[in-house]
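Below, all heavy atoms of this structure are taken into account, side chains as well, without hydrogens, waters or symmetry copies. For ligands, and for the atoms within them, numbers begin at 1 and follow the listed sequence. Numbers for residues simply follow the sequence, beginning at 1.
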Amino acid sequence: MSFPRCEQTRAWASLQGHFEAHGRGFDLREAFARDPGRFAAFGIDAPEVYADLSKNLIDIATRRFLLDLARECGLEARRDAMLAGAEVNATEGRPVLHTALRAPRGAGPHGDEVHGVLDAMLAFAERVRADEGFTDVVNIGIGGSDLGPQMVVPALDACAHRRLRFHFVSNVDGHDIVPVLRGLDPRRTLFIIASKTFTTQETMANAQVARDWFLAQGGSDIARHFAATTTNVAAAAAFGISTSFGFWDWVGGRYSLWSAIGLPIAIAIGAEHFRALLAGAHAMDRHFAQAPLEHNLPVALGLLDVWYRNFHGFGSRSVAPYHQGLRRLPAYLQQLEMESNGKRVAMDGTPLSLATSPVVWGEPGTNGQHAYFQMLHQGTDVIPVEFIAVKTPAHAHADLHAKLLANCLAQSQALMLGKSTAQALAEKAPTASASFDRAALASARTFPGNRPSTTLLLEALTPRSLGALVAMYEHRVWTSGALWGLNSFDQWGVELGKALASALLPRLASGDVAGLDGSTAGLLQRLRAPAP
Ligand code: F6P
């Protein structure tokens with residue numbers, strides 16, 4: 001299947017002309033004044049997620065050219081090939097089938113294997129939930145073997161098991177595992193060693209520390225207290241773990257929370273809710289596969305990413321979930337987006353002449369407002385913001401929730417509307433230093449406005465809506481990656497550091513700096529020097 005690179009298409013040339021004529025000077029306030037139907041025109045109702053795209057720097061023509069671009073790049077055919085199991089992860093010679101993990105029984109490829117492991121994993125999760133002997137579950141894993149469960153378990157706290165506490169150890173820094181172990185009773189703890197490969201240095205080292213601690217505390221029944229989630233069941237067995245739940249090389253690490261890697265989630269929320277999480281993701285998969293491109297939410301967001309990155313030149317995107325349960329979503333999205341699309345060569349190995357993944361970052365609202373929103377409103381860079389609001393909370397404090405929602409709406413409004421010098425001058429001036437005149441003070445209080453944002457609305461944060469939301473992000477990342485001509489499913493960029501760390505480890509012990517660059521040698525020597 002061969003399609004032109006995005007920058008070689010006719011649509012790209014049209015977008016360039018359109019950007020110069022209408023994009024660069026586009027003003028959101030004028031666009032709303034001109035078109036009372038703008039909100040409706042740029043809303044997309046996808047399963048479980050309503051998206052308001054109207055506060056973005058786009059008009060109907062922008063959308064038309066972006067859709068032309070998607071079609072010229074063969075986005076639909078490439079999507080269909082991926083979903084059908086074509087070997088789209090060419091550098092690793094694999095298909096990409098995380099969507100099969102959430103297909104209903106009998107509906108997706110590899111159905112027997114997928115549902116066999118799912119049934120076994122969920123039965124185990126239910127046994128742990130019912131077992132009064134367990135109070136704590138510790139997931140030891142990193143990257144995709146950590147970030148998904150670590151994000152989902154607090155997000156679904158409303159339906160989480162009330163006796164069990166969940167801990168996530170990922171960093172090879174002992175400051176991660178030591179405080180966790182300090183609070184545990186080995187007789188009441190289940191350790192899950194989560195690693196697709198079962199070779200990752202951090203995870204293997206922490207697993208070893210956990211096992212040594214368990215034995216030193218008098219624990220003996222490894223079979224009861226350790227389980228593994230991995231594609232490498234043999235390595236888990238060699239480590240001494242007899243309870244393993246497998247998955248497959250066609251599940252990428254950062255796309256794996258739907259697989260056995262989701263075991264901590266399943267223990268936290270139970271089998272029924274875990275199936276609802278999968279069902280929500282599957283509903284978004286159907287939408288991605290079937291909705292016309294103009295109403296297809298992951299596609300619309302991916303196209304917007306291309307528009308902002310390659311035409312406006314915006315280098316980052318901030319994610320602001322107005323739900324405390326989603327506090328780890330930005331970290332989860334950092335791996336999903338930047339490990340997938342942080343690349344500078346195309347699938348065919350040729351260097352790209354255009355920018356790819358933006359930096360993705362954020363904190364939950366309203367906390368971010370009291371930290372970096374200053375820069376979003378008045379800084380020199382334009383940073384599109386993605387707000388996530390949840391209509392119905394899982395608590396009874398209606399007053400708190402109303403304040404939360406008002407803040408969420410106010411931030412996107414402030415970004416768009418801004419505040420003119422005239423408005424600032426008309427305000428009652430605060431008491432100010434005599435050395436500044438009124439105009440200077442007013443200009444510090446002006447906001448340029450016209451800063452773009454998207455608002456994603458969920459009815460409630462449930463297993464089903466969270467599944468849909470995360471699947472939406474997965475397909476959105478694929479969309480921009482496909483247009484940029486990337487393989488979004490490999491991650492060679494993390495390998496060099498791993499290899500160098502392995503080579504430096506013995507040098508830290510021996511002090512041998514021969515052949516090292518001057519900085520690394522100097523730092524290594526300082527790290528080995530006796531304390532002053
Ligand atoms: O950081 C690179 C990476 O390979 C990620 O893609 C992956 O999620 C993580 O390491 C953990 O890998 P594993 O699950 O094999 O331990």
Side-chain angles (χ1 to χ4, degrees), residues 88-98 101 117 121 138-153 168-173 176-177 191-211 226-239 241 244-266 328-343 356-357 359-360 470 473-474 477-478 481 486-502:
V88 296
N89 180 355
T91 55
E92 295 180 318
R94 298 167 186 169
V96 171
L97 278 172
H98 45 277
L101 299 170
V117 175
M121 193 262 275
V138 182
N139 190 74
I140 297 180
I142 196 162
S145 299
D146 164 63
L147 289 162
Q150 198 191 137
M151 182 269 288
V152 172
V153 169
F168 295 89
V169 170
S170 51
N171 200 338
V172 77
D173 181 354
D176 197 0
I177 195 167
F191 290 97
I192 299 169
I193 313 303
S195 176
K196 180 176 172 182
T197 55
F198 226 79
T199 57
T200 302
Q201 185 196 54
E202 293 92 330
T203 302
M204 293 303 100
N206 277 319
Q208 190 72 50
V209 169
R211 190 177 59 183
F226 283 76
T229 53
T230 182
T231 60
N232 191 352
V233 171
F239 184 84
I241 296 179
S244 286
F245 299 96
F247 57 110
W248 306 274
D249 69 355
W250 40 262
V251 181
R254 54 194 174 275
Y255 299 86
S256 67
L257 75 84
W258 325 98
S259 72
I261 291 293
L263 178 58
I265 303 172
R328 294 298 288 162
L329 183 67
Y332 175 82
L333 293 178
Q334 284 180 333
Q335 187 197 20
L336 182 65
E337 296 213 33
M338 297 198 278
E339 199 172 76
S340 295
N341 287 349
K343 294 168 188 169
T356 58
S357 178
V359 176
V360 179
V470 175
Y473 277 111
E474 291 176 346
V477 169
W478 175 82
L486 303 175
N487 175 4
S488 296
F489 301 104
D490 62 11
Q491 56 283 318
W492 298 105
V494 299
E495 295 305 323
L496 178 59
K498 287 184 193 173
L500 293 180
S502 299

Inset, instruction - Kindly give the heavy-atom pair with the smallest separation between Ala236 and Ser244, and that separation in Å. - result: CB-OG, 3.6 Å
Legend entry - Partners meeting side chain to side chain donor-acceptor pair (under 3.5 Å) with Asp146 (sequence neighbours left out): Gln150
Legend entry - Thr203 N/O to ligand 1 N/O under 3.5 Å: no
Inset, instruction - May I ask you to identify the nearest protein heavy atom to atom 2 (C) of ligand 1, giving residue, atom name and distance to one decimal place in Å? - result: Val494 CG2, 3.4 Å
Legend entry - Short side-chain to backbone donor-acceptor contact, Asn341 and Thr356, under 3.5 Å: no
Legend entry - Numbered atoms of ligand 1 (with element) below 4.0 Å of Lys498, judged on heavy atoms: 2 (C), 4 (O)
Inset, instruction - From the options Arg254, Glu339, Gln491, select the one whose nearest heavy atom is closest to atom 5 (C) of ligand 1. - result: Glu339
Legend entry - Numbering as shown, the atoms of ligand 1 that approach Ser145 to under 4.0 Å (heavy-atom distance): 13 (P), 14 (O)
Legend entry - ligand 1 contact on Thr197 by region, counting heavy-atom pairs under 4.0 Å: both
Inset, instruction - Over 60° means perpendicular and under 30° means parallel, so classify the ring planes of Tyr255 and Phe489, tilted if in between. - result: tilted
Legend entry - Numbering as shown, the atoms of ligand 1 that approach Gly144 to under 4.0 Å (heavy-atom distance): 7 (C), 8 (O)
Legend entry - Residue and atom name of the nearest protein heavy atom (relative to atom 9 (C) of ligand 1), distance in Å to one decimal: Ile142 O, 3.7 Å
Legend entry - Contacting atoms of ligand 1, where contact means under 4.0 angstrom from a heavy atom of Thr200: 12 (O), 13 (P), 15 (O), 16 (O)
Inset, instruction - For residues Trp250 and Leu101, report the shortest heavy-atom separation together with the two atoms involved. - result: CZ3-CD2, 4.2 Å
Inset, instruction - Check ligand 1 against Gly143 and write out every atom of the ligand that is under 4.0 Å from a heavy-atom position of the residue. - result: 8 (O)
Inset, instruction - Fit a plane to each ring of Phe239 and Phe226, take the angle between them on a 0 to 90° scale, and name the class: parallel (under 30°), tilted (30 to 60°) or perpendicular (over 60°). - result: tilted
Legend entry - Distance-minimising heavy-atom pair for Met121 and Ala266: SD-CB, 3.9 Å
